[in-house]
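Notes for the one structure printed next.
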Amino acid sequence: MAGRTDIAEQLKELISSLKEQGILDEKFDEVMRRLKDERNPRFAVEIINHFYGDAENNLAELTYLSVVPIIDYPQLTNVALNLKEACSSFGCSRMAIACGELRDASEAKNKEGCHMVLEHIRREYAVLQKNLNQIAQLDRAIYENAIRGRYY
């Protein structure tokens, strides 16, 4: 039981630290609370994985749209907004802000600005992914400790 409490405390401290850094915001807590399901305790981790898939698809499309000879700025703006909305609704505030900056550069038809901001988004995504992986790992450890506690 003490192990589960220690891991839960680590998870709480990690999320708190990420919020202090602006990587996550209060929306993340709200989403995680809503997703906790006693019948499927792994659901939150599944949603994180789903977020990864969507984010990576959007990043791939943004990359493609930014390297073609003639940029389709309206489409680039649309994909940037889709990614921003996904990040905002998941509580990934720094990445959402970066996506807003890409939308601004795209609306200004600033090719160099789009490339710079897209690189910034990739860096933010790498930081976000690393930290969401840590959250998922801790959540998995809490779940596994709970299961062990039931059977031992």
Side-chain angles (χ1 to χ4, degrees), residues 3-4 6-37 40-145:
R4 185 171 50 191
D6 292 344
I7 296 170
E9 190 59 34
Q10 288 175 23
L11 178 59
K12 184 179 174 184
E13 288 172 8
L14 173 61
I15 292 171
S16 178
S17 172
L18 296 173
K19 289 192 306 192
E20 288 172 12
Q21 296 172 59
I23 295 170
L24 299 176
D25 61 27
E26 297 300 321
K27 184 74 173 178
F28 182 80
D29 290 337
E30 180 184 320
V31 168
M32 289 297 110
R33 269 193 304 276
R34 279 187 313 187
L35 295 178
K36 287 293 178 186
D37 183 347
N40 183 3
R42 307 296 307 135
F43 190 62
V45 173
E46 291 171 15
I47 294 300
I48 288 172
N49 289 332
H50 182 73
F51 171 78
Y52 286 160
D54 287 348
E56 288 172 10
N57 287 340
N58 281 314
L59 284 170
E61 188 170 357
L62 288 170
T63 299
Y64 170 76
L65 290 168
S66 71
V67 297
V68 293
I70 299 173
I71 294 178
D72 182 348
Y73 287 106
Q75 182 62 18
L76 185 69
T77 300
N78 187 46
V79 177
L81 281 173
N82 286 343
L83 185 55
K84 180 181 189 277
E85 289 172 8
C87 292
S88 293
S89 66
F90 204 63
C92 305
S93 51
R94 269 191 1 200
M95 192 153 154
I97 291 167
C99 291
E101 293 169 358
L102 179 58
R103 179 205 59 216
D104 294 344
S106 179
E107 287 177 346
K109 295 181 175 28
N110 179 346
K111 186 174 186 172
E112 185 60 34
C114 288
H115 288 199
M116 288 175 31
V117 176
L118 187 53
E119 281 306 311
H120 177 65
I121 289 171
R122 285 190 190 105
R123 288 189 303 273
E124 287 297 334
Y125 180 69
V127 169
L128 179 63
Q129 188 176 34
K130 175 183 158 252
N131 286 295
L132 288 178
N133 283 340
Q134 284 183 288
I135 289 169
Q137 232 176 352
L138 291 170
D139 190 65
R140 188 172 18 261
I142 291 167
Y143 173 72
E144 289 169 359
N145 282 348

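Contact of the Leu128 side chain with the Leu24 side chain is registered, since non-hydrogen atoms from C-beta on lie closer than 4.5 Å. Contact of the Ile135 side chain with the Leu11 side chain is registered, since non-hydrogen atoms from C-beta on lie closer than 4.5 Å. No side-chain heavy atom of Phe28 sits under 4.5 Å from any side-chain heavy atom of Ile23. Contact check for Met32 versus Ile15: no side-chain heavy atoms found under the 4.5 Å cut-off.
Rounded to the nearest 0.5 Å, atoms CD1 (Ile7) and CD (Gln137) are 10.5 Å apart. Taking CG from Asp54 and CD1 from Ile47, the interatomic distance works out to 9.5 Å, rounded to the nearest 0.5 Å. Distance CD1/Ile48 to CG/Leu132: 5.0 Å, rounded to 0.5 Å. The CD atom of Gln134 sits 7.0 Å away from atom CG of Leu138, with the distance rounded to the nearest 0.5 Å.
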If you look only at distance, which donor and acceptor atoms sit under 3.5 Å apart when one is on a side chain in residues 107-118 and the other is two or more places apart or in another chain?
residue : atom : partner : partner atom : Å
Asn110  : OD1  : Glu112  : N            : 3.4
Asn110  : OD1  : Gly113  : N            : 2.7
His115  : NE2  : Ser66   : O            : 2.8

Solution key, residues 90-105 side-chain donor-acceptor pairs under 3.5 Å, sequence neighbours excluded:
residue : atom : partner : partner atom : Å
Ser93   : OG   : Gly22   : O            : 2.6
Arg94   : NE   : Glu124  : OE1          : 2.9
Arg94   : NE   : Glu124  : OE2          : 3.4
Arg94   : NH1  : Gln21   : O            : 3.3
Arg94   : NH2  : Glu124  : OE1          : 3.3

Can you give me every donor-acceptor pair (side chain of residues 74-81, partner residue at least two apart or in another chain, under 3.5 Å) with its distance?
residue : atom : partner : partner atom : Å
Gln75   : NE2  : Glu61   : OE2          : 3.1
Thr77   : OG1  : Tyr73   : O            : 2.9
Thr77   : OG1  : Ser106  : OG           : 2.6

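A side-chain donor from one of Gln129 and Glu56 sits under 3.5 Å from a side-chain acceptor of the other.
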